[in-house]
Amino acid sequence: MISGSTENSSISFRISFGLWINENRFHELMGVFEKYRGVTDEVTFFTSETHSCLSLDLIQERAKILKSRMVQVRKFGYRAGINHLTTIGFFKENADQSLKENYGERTYLDGYTDVGGRCSNDPAMQEYIQGLYRSLVAAEPDYIWMDDDIHSGNCFCNHCLDKFAKIVGRRYSREELQKAFNEGSIESKLAFRKYWLEHSRQTFMDLIKLVEKTIHTVSPKMPIGLMTGDRFPEGYDFDLWAKILSGSAGADVMWRPGEGFWSDERPIELAEKVQSVGRQVAFLPDNVMRIQSEVESFVYQPLKKSKKMTALEPAVYIAAGAMGAAFNILTSHDQPLDEYDPMVAEIRKTRPFYDLLVKTFSRSKPQGIYTGWNKDTFVATNLSQGNWFNNDPKKIAGSQACEIFEIGLPAAYRYEDSQATILAGESARSFSPEALEKILSGGVYLDAAALTTLNQMGYGELTGFVVEKYYEKDSLEQWTDHPFNGSFAGQRRDCRQAFRGCGESWGVPAAALIPQSQKSQILSRLINYAHAEIAPCTSGIFENKLGGRIYVAGYCPWSFMQYLSKSTQMKSIFRWLSKESLPDYIGSYHKINLWSRKTLEGKQTMALLNSSLDADEHVELMIKTNGKEIIVYDMNCQSTSLKAAGNSGGYQRFILPEIPSWQMRLVCEK
Ligand SMILES: [Zn+2]
């Protein structure tokens, strides 16, 4: 079996230019891998450590040295390949060694040009790119990676404007485009943005086709890897891109889901990154097995990200769908590796757990709550107001919902794997009417903007509420006497609106809702600091004529979730929204991320991450099953069998052994 099959996780280390150019240093590096034999399957060489396009001469010179380094790596029994860092480039750095020619300048909508990043629609750049990859194939690597500088970049150079003209029917100036994207009716903005997204898809596809053809003309079965991030501006066509990179000979394709999590100073960033990794895996064809999630500690100061967090990361990304990891954690300079030794040791110690996770999950899809993103999400950002390109699509695609997943509800990354959907802001505008109708026939969690968007789109009959007005200051939420609130009726939640400016979760406007039907039920009202009612309804539930179940969260819909009252209510709400079909969730009051998967035999299996600095005791795991026994594995792969301690509805209740802080547990139905 090749590495990355369901036998084992697929692990690679990415090696900087500084570590391989000096032969003595290169041998020191191989010594570290030998000391911790088994820590990696692959040694992958960066072509540079700087993010501007290097001159072709320099790349050719380096490729010749890499050829001999890779021969030596194979003698140790590892696969060896090349990671090309800058195909079109990111930033202006290392100008002396980079392309001097004045072509392919990436141009912004305001006309500003940036030679740090180049444009692949320039024919001269296309020639350069072919020269690059021909040089790399000549080094006879086992595989070639394109790094994440590959993107369409929303360039507005003359070549891009010409290309766009072919899609839209006439040539637009940058000034005209600026207006068409951001002014006029929602419908006209949407239509125009969709044209541009189509152009970006075409640009990206043409670029990777060019690289694929260049490599496969020489070596038809050479595996090509693509590192991505959340590729919303490029149209997220991961399934199509994987097919293209496979070429006509059906070469293996490798994938590296990425996004920044370079230090563990803010652990919440791991929760955001894993959402992104889940999305990046979601559309990949099932035959893409070598999915090495990026683990990066740029700029490689070992004290900036702990050994514990670095070794944990692959497990978390595997839980969300990856099949291994590519570590980019070693120095980028020709310097001793002593300070990295303990990090490599920790990864080696954890490697069997990555293998166990991959063997258990394989490419089964995480089941649970879908965050309402799709390939067109980009068009719906800053739609009714604001500038299209000053946005972060992740904020309506799932990263806004991190707290929902931190309280023990399972995350899904595709509609077809979900039991309930979250819609935020204007994301509904990116769906087709058919897709929306399907979503609204199931369980849906809406914030107030999503409610208004749906009502404006003509789905008012299906949502059960309208927004009457927003309160910008001094409003609190108080729980009504509703079964979902249980003994918490009368409790308050205060998102401290006056603290606007302290971060995104602060100062959120509160929506007063008006129920539209006898069947609309109120879960909370708005009060002020004198405890007088401001509005009788700020959140509620409604079951529509399609059988869809709606919850509208008018008060602080994405944060302040971590009270006992709110956390408990959220679990009641999602059980109801999903009509009791959520595969599992954490029944107790703990900060745990949960991913629900299936084994190859179809049994339920879960990964639980204690995302708190406290040890979790008496964790109550609720599993929708008739089975009454589970096996729990710790990160040393030690197992414990457990019997159910009771049940609730269709859910069996299991009380787990203590989970230490920032540790994962794998749970399998017996
Ligand atoms: Zn361009």
Side-chain angles (χ1 to χ4, degrees), residues 50-56 84-93 95 98-133 146-182 192-214 226-237 240-241 244 375-376 378-379 381 387-391 393:
T50 50
H51 298 82
S52 287
C53 298
L54 289 187
S55 73
L56 214 46
H84 186 56
L85 185 65
T86 45
T87 303
I88 54 174
F90 265 132
F91 302 112
K92 264 185 203 174
E93 56 178 355
S98 300
L99 273 187
K100 305 272 189 307
E101 293 82 351
N102 190 24
Y103 56 68
E105 288 179 306
R106 193 175 301 156
T107 308
Y108 297 94
L109 202 42
D110 58 8
Y112 172 77
T113 59
D114 176 5
V115 290
R118 310 255 176 179
C119 174
S120 58
N121 283 331
D122 185 324
M125 254 326 265
Q126 290 162 8
E127 255 183 60
Y128 165 77
I129 291 167
Q130 290 175 75
L132 272 182
Y133 283 91
M146 287 178 266
D147 214 291
D148 63 353
D149 72 311
I150 294 258
H151 56 299
S152 68
N154 285 314
C155 175
F156 299 91
C157 74
N158 290 334
H159 297 290
C160 286
L161 297 183
D162 289 343
K163 190 169 179 137
F164 182 59
K166 287 181 193 145
I167 291 179
V168 79
R170 83 160 171 92
R171 197 178 194 281
Y172 280 78
S173 69
R174 285 184 277 274
E175 293 72 25
E176 286 176 307
L177 283 177
Q178 176 82 269
K179 277 197 172 149
F181 293 148
N182 298 315
F192 215 80
R193 290 175 179 201
K194 281 185 180 167
Y195 281 131
W196 185 261
L197 191 59
E198 215 35 61
H199 159 82
S200 297
R201 282 195 178 108
Q202 189 71 48
T203 295
F204 190 88
M205 196 172 69
D206 289 348
L207 171 55
I208 62 168
K209 265 184 184 167
L210 181 70
V211 173
E212 183 275 324
K213 201 161 166 251
T214 307
L226 181 63
M227 176 170 179
T228 51
D230 258 320
R231 286 286 176 253
F232 288 108
E234 288 75 22
Y236 237 118
D237 260 341
L240 177 63
W241 302 342
I244 290 170
K375 291 180 179 184
D376 289 340
F378 192 55
V379 299
T381 52
N387 186 320
W388 188 23
F389 294 109
N390 293 344
N391 71 59

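When a ligand or atom number is given, it counts from 1 through the structure's own listing order.
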Classify the side-chain pair [X]/[Y] by whether it contains a donor and acceptor separated by less than 3.5 Å.
{"X": "D376", "Y": "Y236", "value": "no"}
{"X": "E93", "Y": "H51", "value": "yes"}
{"X": "Q126", "Y": "D122", "value": "no"}

Practice task
Output yes when E212 and K209 qualify as a salt bridge under the 4.0 Å nitrogen-oxygen rule, no when they do not.
Solution key: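 Result for this pair is no, no salt bridge flagged.
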Exercise for the section: Measure from the side-chain N and O atoms of R174 to the backbone N and O of L109, and report whether any donor-acceptor pair falls under 3.5 Å. Expected result: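 Pair absent, no side-chain N/O of R174 close to backbone of L109.
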Handout entry: Candidate list H159, Q202, K163, test side chain to side chain donor-acceptor pair (under 3.5 Å), partner N121, passing option
Key =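 The side chain to side chain donor-acceptor pair (under 3.5 Å) with N121 is passed solely by K163 among H159, Q202, K163.
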Exercise for the section: Everything protein-side that's N, O or S and under 2.8 Å from the Zn ion (ligand 1): list it, residue and atom. Expected result: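 For the Zn ion (ligand 1), the protein N, O and S atoms that sit under 2.8 Å away are C119 SG, C155 SG, C157 SG, C160 SG.
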